[in-house]
Protein chains: 2
Amino acid sequence: MARNSAPTLEDVARMAGVSTASISRALNDPDKVAKQTRDKIEKAIEVLGYTPNFGGRALASNRTNTVGAIIPSMANAMFASGVQAFQEVLSEAGVNLLLASTGYDPEQELRQIKALIAHGADGLLLIGDERPQATRDFLAKRRVEHVISWCFKPHSAQTYVGFDNCRAAYDATSRVLALGHRRFALISGVRDGNDRARDRHIGIETAIADFGQGAALLHVKEAKYRLEFGGEAFAWIMERPDTPTVIMCGNDVLAAGALMRARQMGIDVPDRVSLVGFDDIGLASVSNPPLATVRVPQIEMGRAAARMLLAKLSGGPVEAPAPLPTEFIHRGSLAAPPD
Amino acid sequence: MARNSAPTLEDVARMAGVSTASISRALNDPDKVAKQTRDKIEKAIEVLGYTPNFGGRALASNRTNTVGAIIPSMANAMFASGVQAFQEVLSEAGVNLLLASTGYDPEQELRQIKALIAHGADGLLLIGDERPQATRDFLAKRRVEHVISWCFKPHSAQTYVGFDNCRAAYDATSRVLALGHRRFALISGVRDGNDRARDRHIGIETAIADFGQGAALLHVKEAKYRLEFGGEAFAWIMERPDTPTVIMCGNDVLAAGALMRARQMGIDVPDRVSLVGFDDIGLASVSNPPLATVRVPQIEMGRAAARMLLAKLSGGPVEAPAPLPTEFIHRGSLAAPPD
DNA sequence: AATGTTTGTGTAAGCGCTTACATTGATTCT
DNA sequence: AGAATCAATGTAAGCGCTTACACAAACATT
């Protein structure tokens with residue numbers, strides 16, 4: 001794909017009658033060049049239609065103004081708006097986004113990290129805290145600047161921009177308990193290698209244990225994050241002898257799948273069983289009944305992650321943000337338990 | 001962000017006792033290097049933890065193995081799975097994806113095109129056919145390799161990977177007509193600068209005109225692609241004197257918004273008015289009633305676009321694919337008109 | 001008037017890689 | 001056995017840019 005004979009700095013230099021250094025300066029640090037010279041240079045650039053060659057620039061300056069983001073899946077609406085916000089903030093700073101996805105596979109994640117670094121990413125956005133030692137080693141050994149999001153850990157907070165999944169799940173569960181529910185089930189995302197799913201589970205479990213008074217988490221069923229698996233898990237749970245009055249779900253997609261299956265099975269939601277999702281993606285307010293869920297500050301999270309990563313890359317001071325707030329959204333899929 | 005003293009080709013060369021050229025060859029064209037030498041090289045690479053420097057590579061070879069995709073919005077589920085598929089195919093070929101979004105703004109699109117090219121994208125994926133002359137000029141003058149997707153134009157088919165929005169809308173409308181509907185309205189996406197929205201409008205209009213027999217498109221209301229605007233448009237239409245028996249929608253998000261508003265207004269869907277969406281995003285099957293819609297081959301489209309772009313970049317033969325098929329999905333939001 | 005400072009510019013040395021070309025030694029052919 | 005061919009490797013010339021350093025001119029300071 002030879003970029004055919006694009007004009008180079010030297011061409012511009014010749015035309016403007018100045019040295020290549022002046023042009024480079026005019027481009028990267030205009031204040032260092034006299035107005036008059038700058039004008040000549042700008043005109044020459046205009047006439048020739050010059051654009052800096054990326055490779056040359058990257059090689060000489062050893063930075064690409066590109067950062068990477070590696071997310072489990074783009075199809076999951078949960079990440080879409082966050083990544084969009086992330087990208088928008090970067091874009092304003094003249095930084096571009098390399099995007100890759102892992103399909104929730106840790107090995108794939110390492111592969112993508114390597115690929116993005118090899119493709120020149122100056123820094124990385126990663127989702128979630130849990131990853132194999134090999135991946136941690138790579139990040140540490142190569143000193144890859146990175147920000148971790150969609151979760152929050154108090155220790156080493158200059159790396160995390162996110163919310164506390166455990167706490168959010170705890171709070172949601174408390175609200176459900178307050179409504180009178182005692183018999184819980186959980187349709188969880190696959191927890192292996194996914195700290196968000198695990199933390200949500202723990203949050204729910206803890207809230208129930210703390211509450212006492214006979215409240216119990218009767219069943220936990222794992223499902224991949226897709227509608228149909230949510231449905232299957234729902235059916236599995238409802239066919240057990242110990243029927244819950246409420247089913248908490250690892251995210252809204254699982255909850256929506258459960259809801260659809262409930263309709264097929266003729267099980268009324270929320271009259272016979274309540275359903276609670278997580279993430280508050282668009283679908284949650286559209287389903288019927290709409291899904292009670294936990295709203296996650298996706299956009300703010302994406303923006304904050306971008307700001308933090310940019311700060312790290314520019315070597316500036318990095319403020320450690322507090323965990324972002326989540327909010328329980330009570331909607332029609334959740335009601336008091338049947339007497 | 002100085003990548004501190006990462007090992008270079010020369011370091012590897014010294015350690016393996018071969019020339020830098022051999023290593024470069026071992027990396028890029030292994031067959032040209034004897035097995036024995038390759039082994040030595042691989043070991044040295046392993047030991048040193050060497051990764052090729054991106055800038056050097058890009059500069060010397062004048063390609064980055066990176067392509068860009070510029071989509072209207074990531075938040076719109078319509079693009080998410082397509083882009084994901086696109087990225088997966090690229091990834092298998094060792095090519096990375098730079099992603100940017102425009103918010104449906106043509107000027108923003110040009111800005112992003114320039115930004116991605118300036119950041120070394122070897123080629124580009126663009127959505128839709130309509131763009132300002134300045135953008136076309138830029139693409140032509142700079143000979144930017146690109147593939148256009150989410151639409152299809154028979155002329156110069158080596159550029160398009162997509163489906164025929166007009167035809168898809170025509171077919172859907174025909175199905176609705178066959179059910180007995182005669183009084184149509186349309187909640188369209190913003191058509192200015194968006195050929196997909198316009199083509200869908202034209203398809204609907206044409207199908208109605210071709211059918212004759214008193215069928216008419218009574219109202220057309222534009223709305224941005226968000227739930228609430230779909231709802232507003234729905235309310236606007238239902239408050240007109242000439243009430244339609246069916247409302248076609250520019251996409252599923254608009255249809256879902258309309259559906260929610262219908263529920264609020266106490267208007268039964270489909271008993272009093274039918275609703276038809278477009279795209280078949282996840283939400284369409286979850287709403288109640290589920291949305292009749294047009295399924296779009298997002299994943300196949302993303303994959304095919306990636307293959308086509310890769311073919312173009314490698315200078316290989318580019319086969320001009322046929323337009324991809326769409327499928328009308330009849331669901332509960334569409335029924336025969338009330339007597 | 002001599003000195004120091006500042007400002008604007010040029011010179012030239014890389015940055016780490018790919019690749020055309022040259023070289024070597026082994027293999028095949030006559 | 002000598003010529004012709006081929007495979008494997010090395011040599012070295014860039015690719016287009018940034019930037020340390022050197023320099024000159026203009027200005028301020030004593």
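Predicted model, so just to flag it, every value in this text is computed and none were measured.
Between A:Asp31 atom CG and C:dT9 atom P there is a gap of 13 Å when expressed in whole angstrom units. Taking atom NZ on A:Lys32 and atom C1' on D:dC21, their separation rounds to 13 Å, with Å as the unit. Computed from coordinates, the B:Arg38 CZ to D:dA7 P distance equals 15 Å when rounded to whole Å. Taking atom CG of B:Leu59 as the reference point, atom C1' of C:dG14 lies 12 Å away to the nearest angstrom. Spacing between atom CZ of A:Phe54 and atom C1' of C:dG16 amounts to 15 Å, rounded to whole angstrom units. Note: CG (B:Asp29) to P (D:dT9) measures 13 Å, nearest angstrom. The interatomic distance linking B:Arg63 (CZ) with C:dT18 (P) rounds to 12 Å, in whole Å. Straight-line distance from the CG atom of B:Asn62 to the C1' atom of C:dT19: 13 Å, rounded to whole Å.
Considering only side-chain atoms of B:Thr37, the nucleotide from D:dA8, D:dG14, D:dG16 that sits closest is D:dA8. When the nucleotides C:dT18, C:dT9, D:dC17 are ranked by their closest atom to the side chain of B:Leu9, C:dT18 comes out on top.
At a cut-off of 3.5 Å, with distance as the only test, no side-chain donor of B:Asp192 or B:Tyr104 sits close to an acceptor on the other residue. A side-chain N or O of A:Gln298 and one of A:Ser81 form a donor-acceptor pair less than 3.5 Å apart. Judged purely by distance below 3.5 Å, without hydrogens or angles, the side chains of A:Ser101 and B:Gln87 pair a donor atom with an acceptor atom. A donor-acceptor contact closer than 3.5 angstrom is absent between the side chains of B:Arg111 and A:Ser91.
Judged by closest nucleotide on DNA chain D, B:Ala34 is the one of A:Arg57 and B:Ala34 placed further toward the 5' end.
Between A:Tyr160 and A:His155, the two ring planes are perpendicular [angle over 60°; tilted spans 30° to 60°].
The shortest distance between side-chain heavy atoms of B:Leu309 and B:Asp122 does not fall below 4.5 Å.
Looking at A:Thr64, its side chain does come within 3.5 Å of a backbone N or O of A:Gly120 through a donor-acceptor pair.
Side-chain N/O atoms of A:Asn28 include one lying less than 4.0 angstrom from OP1 or OP2 on D:dT18.
Non-hydrogen atoms lying under 4.0 Å from DNA chain C are contributed by B:Ala21, B:Ser24, all within residues 13-24 of chain B.
If you check distances only, the side chain of B:Arg25 does reach the base of D:dG10 with a donor-acceptor pair under 3.5 Å.
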